[in-house]
Amino acid sequence: MIDFAQLRRWPDVEAPELLAHDATDRLLLDTSQEALVAHPGHVAVVGDRYGALALGVADLVADGVEGTPDGGESSAPMPVRVHQDALSGELALAANARVAAPGARWSWHALDASLVAGARVVLVQLPRGLDALDEIAEVVAAHAHPEVKLFAGGRIRHMPPAMNEVLGRHFGDVRAGLARQKSRVLVATAPRASDAGRWPRTERHGDLVVAAHGAAFAGATIDIGTRALLAALDAERPAARDVVALGCGTGVLAASYALAHPDTVVVATDQSAAAVASASATVAANGLAGRVEVRRDDAGASLPGGSADLVLLNPPFHVGATVHAGIAHKLFDAAARLLRPGGELWCVWNSPLGYRSTLERVVGPTRQVSRGPKFTVTVSTRR
């Protein structure tokens, strides 16, 4: 049995109130144990945050029957197939395995057919968004075994009835289990035939086409914080040769800047697989292939220091369901590392958070470009 107390969130933000596991992980493992033992070679895990689910499953099925994705026998045990949206989650899983489960075997997959082909058991940590759940359910229903059981768990306060309806679009039977420690598991069976491939969705905003997968922040819309930053950029039109969009999301800032500045090279980075896939689709939809490079990266870590004249940033202010400034501060540090002396960080942030003093300290002199009740746009110049 995995000792959950050994698990850490590293390299994600760590704090006493931020844990690497929760009661939902335990409830999912307990609820699905019988099915896992029955089909040890045909298991997929979706949405594991830091390894609790993947390592827990690997421990439960370690002595099970070997198998292949199509249901046949194999000469070697098949690893648990895992999809984690956050790159930090993948790094945490690997780090936690070295400490808590050195013999665990798993393989990472995109959210596509390779993840669930022939799977008989799928465990899902429920996402916060209904669109994210819809894309997961669509993939499982289309490509898993016809007798697949999907176990989807979450904290009850984040499980609106609409989640049952989303699962019901893709499965003939959806049942809610008993609650335990403020968590609950939904069990979905009898996958329905549906029109797969409905993701990413696209939406036109003037000259810009935005593409979004289910888990991408704001979907194919443009959130009001990004709109505020776009308005400021349009008003002042800062010129730069090398531009980095940190935490790029669906690629709105990167694509918009590239459209307005044809001679600029833009690198867009995000640790979210859904964001990177969405930004890549946005770049393609706007004819910017070759001018905007999209990378899955943790705070631009793969980019050399002092390589950017301009960094664009709309930092998140949540860590999961918790309001926390840790990710924003990490991205401010990243911007400071990436900028050349005299380079600028253009940043939009929630006005009540008061980031200006932090930006002054971490990046350099900071001026306010615009401010409203909800959002502030600032420009920080690298010392």
Side-chain angles (χ1 to χ4, degrees), residues 25 28-48 51-85 89-90 93 97 101 103-127 132-153 166-175 185-199 213-215 273-274 277:
D25 294 313
L28 273 166
L29 292 169
D30 290 347
T31 304
S32 63
Q33 183 170 357
E34 182 177 344
L36 291 170
V37 172
H39 305 289
H42 313 286
V43 181
V45 173
V46 183
D48 189 5
L53 275 184
L55 298 179
V57 169
D59 181 65
L60 286 171
V61 305
D63 299 322
V65 179
E66 299 169 3
T68 60
D70 61 4
E73 295 299 314
S74 171
S75 59
M78 186 174 178
V80 177
R81 286 172 278 173
V82 179
H83 172 73
Q84 294 171 278
D85 183 64
E90 292 184 0
L93 168 54
R105 299 184 69 245
W106 73 90
S107 58
W108 282 301
H109 296 261
L111 184 59
D112 60 19
S114 70
L115 173 69
V116 296
R120 299 292 297 267
V121 186
V122 178
L123 274 63
V124 179
Q125 262 278 6
L126 281 167
L133 179 58
D134 183 75
E135 186 168 12
I136 293 167
E138 178 185 286
V139 169
V140 175
H143 301 292
H145 191 281
E147 296 179 11
V148 65
K149 281 189 174 182
L150 184 150
F151 298 85
V166 169
L167 288 173
R169 289 202 293 266
H170 301 281
F171 293 87
D173 187 67
V174 179
R175 302 185 183 189
V185 171
L186 305 176
V187 181
T189 55
R192 301 179 188 272
S194 63
D195 296 329
R198 297 185 302 119
W199 298 94
H213 283 271

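Small disclaimer: the values here were computed from a predicted structure and weren't measured.
The side-chain contact (heavy atoms from CB on, under 4.5 Å) test with S114 singles out one residue from H109, H83, H143, R81, and that residue is H109.
Contact annotation: the side chain of V140 never approaches that of L115 to less than 4.5 Å [non-hydrogen atoms, C-beta and beyond]. Using a 4.5 Å cut-off on side-chain heavy atoms (C-beta onward), H145 and H42 make no contact. Counting heavy atoms from C-beta on, the side chains of L93 and W108 come closer than 4.5 Å. In this structure the side chain of V139 never reaches within 4.5 angstrom of the side chain of V46, judged on heavy atoms.
Note: E138 CD to W199 CH2 = 8.0 Å, rounded to the nearest 0.5 Å. In this structure, the separation between CD on E90 and CH2 on W106 is 10.5 Å, given to the nearest 0.5 Å. Summarising the geometry, atom NE2 belonging to H170 is positioned 10.5 Å from atom CD1 belonging to I136; distances are rounded to the nearest 0.5 Å. Here the straight-line distance linking atom CZ of F151 with atom CG of L29 works out to 11.0 Å at 0.5 Å rounding. For the atom pair CG (D173) and CG (L150), the distance works out to 12.0 Å, reported to the nearest 0.5 Å. Going from atom CG of L28 over to atom CG of D48 covers 10.0 Å, rounded to the nearest 0.5 Å.
Around atom CZ of R169, more than 12 heavy atoms belonging to other residues, nucleotides or ligands sit under 6.0 Å away.
Between the side chain of R175 and the backbone N or O of T189 there is no donor-acceptor pair closer than 3.5 Å.
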